[in-house]
Amino acid sequence: MNSANGLTDEKAEKTTISFSLGLADFLAANDISIGFTSYQTGRLYLVGCGTDKKLAVHEAIYPQAMGVTASTDRICLGSLTQIVRMENVLAPGQLVNDLHDKIYVPRNFQTTGNVDIHELGIRKDGQIVFVNTLHNCLSVPSITHSFKPIWKPDFISGLASEDRCHLNGLAMVDGQPKYVSAVSDSDTKDGWREGRRDGGVIIDVETNAILADGLSMPHSPRFHVGRVWLLNSGTGELGWLHPTDNAFTPVAFCPGFLRGLEFHNDHAFVTLSKPRNGHFDGLALDQKLKEKNTDAWCGIQILSLSTGEVAQWLRFDGPITELFDICILPGVKNPITLGPESPEIRDFITIEQPDW
């Protein structure tokens, strides 16, 4: 396992990463790498398979790294005060240090201020859409201002710097925002906290209709193979909305608080987090963990959609206890990224081919 970007702080040194024996082979067989974020410690992680056929893990520091979305040659990341666009600078077949087939370099920082950016999406025209949780709306970056609102739920009476419903997740369909998740339909500051157990909703952005309610802290709605999927985080379940009545249909239980969901073929990739205060106050997840006689853990689980069973996994033990979002890097074997404060980025200079 490899590490990058010269992380030397004491907490990083004490972190232990364990993983299933078949994870590297799984990534190689599917011709993918994965990226995920830890907002708690401000890290973007990239995980692939090295030329030695072993798992390769790389990390870069981004304050409060949250929503992440990616394609083969681009990664977009929401952080504490900025949206970061990273570009791969390697040509096909080119390697860095005979190891890395992609190197993602931050090329644009769009400053939003601390609006509590959660998940991101990319429109057909390439414009970034982000969940502006502090202001209970979907937004796009602005040339002159912190952001431009483009949509809010009907139950939110007006734009205010108050996290009222804890809007958190975004599903893109055909290059447009389609579904969002919120912990409640509250219109008062921090009112969502009273609805954590069963006040969660999934909203259709196009119609403004509440598609599903009665959920427990839902996160990460996604549209995959004709179904609306989501994480019912308060119960620790991955599932989908039944097409007849939009009832939540669980597929798998995961031992942790779920945020971040992505799909590749017939597998779901989910991030898990431990509780902040030792237990999940007021949530069914606490009781489910007791019933299964297991502790919550922090990491990634790759689940079979046909059986709900864990196919592969990666786990953190130590000071890193919370993860947020996850993305798939298709056609990527062993990626690396240069953090904006890394010592390497100062002298890593590339030149675009001139017209002449």
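By convention here, the first residue in the shown sequence is residue 1.
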In short, Pro340 meets Ile345 closest at the heavy-atom pair O-CG2, 3.7 Å

Can Ile300 be reached from Leu261 by stepping across I, L, V, M, F, W or Y side chains whose heavy atoms are under 4.5 Å apart? no

| Which of parallel (below 30°), tilted (30 to 60°) and perpendicular (above 60°) describes Trp297 and Trp313? | perpendicular

Those residues at least two apart in sequence (or on a different chain) that pass salt bridge (Lys or Arg N to Asp or Glu O under 4.0 Å) with Arg315 are Asp317

The ring pair (Phe, Tyr, Trp, His ring centres under 6.0 Å) partners of Phe348 (sequence neighbours excluded) come to none

* To do: Report yes if some heavy atom in the side chain of Thr37 is under 4.5 Å from a heavy atom in the side chain of Tyr62; otherwise report no.
  => no

In short, salt bridge (Lys or Arg N to Asp or Glu O under 4.0 Å) pairs touching residues 162-178 with sequence neighbours left out are Glu162-Arg164, Arg164-Asp187, Lys178-Asp204, Lys178-Glu206

Cluster overlap Leu314 with Ile326, hydrophobic side-chain contacts below 4.5 Å: yes

In short, Ile202 meets Tyr179 closest at the heavy-atom pair CG2-CB, 4.4 Å

> Do the side chain of Thr321 and the main chain of Ser273 share a donor and acceptor less than 3.5 angstrom apart?
Replying inline: no

Residues passing the side-chain hydrogen bond (donor to acceptor under 3.5 Å, both in side chains) test with Gln110, sequence neighbours excluded, are none

Does any part of the side chain of Thr81, heavy atoms only, come nearer than 4.5 Å to the side chain of Pro63, both counted from C-beta? no

- Message: Are Trp229 and Phe269 connected into the same hydrophobic cluster when the rule is that any two of I, L, V, M, F, W, Y join if their side-chain heavy atoms are below 4.5 Å apart?
- Response: no

Establish whether Leu329 and Phe263 are linked, either directly or via other cluster members, by ILVMFWY side-chain heavy-atom contacts under 4.5 Å. no

Worksheet item: Does the pair Asp325 and Arg222 meet the rule for a salt bridge (Lys or Arg N to Asp or Glu O under 4.0 Å), with working shown?
Response: CA-CA 13 Å; Asp325 204 4; Arg222 301 288 185 264; 3.7 Å; yes

Sorted by chain and residue number, the side-chain hydrogen bond (donor to acceptor under 3.5 Å, both in side chains) partners of Arg123 (sequence neighbours excluded) come out as Gln127

The side-chain hydrogen bond (donor to acceptor under 3.5 Å, both in side chains) partners of His242 (sequence neighbours excluded) come to Thr244

### Query
Are Val115 and Val131 grouped together when hydrophobic residues (ILVMFWY) are joined by side-chain heavy atoms under 4.5 angstrom apart?
no

All heavy atoms of Leu272 vs all of Gly256, minimum pair found to be CD2-N, 3.9 Å

Q | Audit row: Tyr45, Phe316, ring-ring contact (aromatic ring centres under 6.0 Å, His included) steps and yes/no | A | CA-CA 12 Å; Tyr45 292 91; Phe316 287 95; 5.1 Å; yes

Contacts of Arg74 meeting salt bridge (Lys or Arg N to Asp or Glu O under 4.0 Å) (sequence neighbours excluded), chain-then-number -> Glu87

Note: with side-chain heavy atoms under 4.5 Å as the link, the other cluster members for Tyr39 come out as Met66, Phe324

For residues 297-307, the salt bridge (Lys or Arg N to Asp or Glu O under 4.0 Å) pairs (sequence neighbours left out) are none

Contacts of Ser220 meeting side-chain hydrogen bond (donor to acceptor under 3.5 Å, both in side chains) (sequence neighbours excluded), chain-then-number -> Glu119

Under a 3.5 Å cutoff, is there a donor and acceptor pairing between the side chains of His135 and Ser161? yes

Check your understanding: Side-chain contact, heavy-atom cut-off 4.5 Å: Pro177 with Trp151?
Key -> no

Problem set entry | Pairwise side-chain contact, Arg196 with Asp281, heavy-atom cut-off 4.5 Å (strictly under) | yes

Contacts satisfying salt bridge (Lys or Arg N to Asp or Glu O under 4.0 Å) that involve residues 298-312 (not counting sequence neighbours) are none

Residue set satisfying ring pair (Phe, Tyr, Trp, His ring centres under 6.0 Å) with His166, at least two apart, ordered chain then number -> His118, Trp192

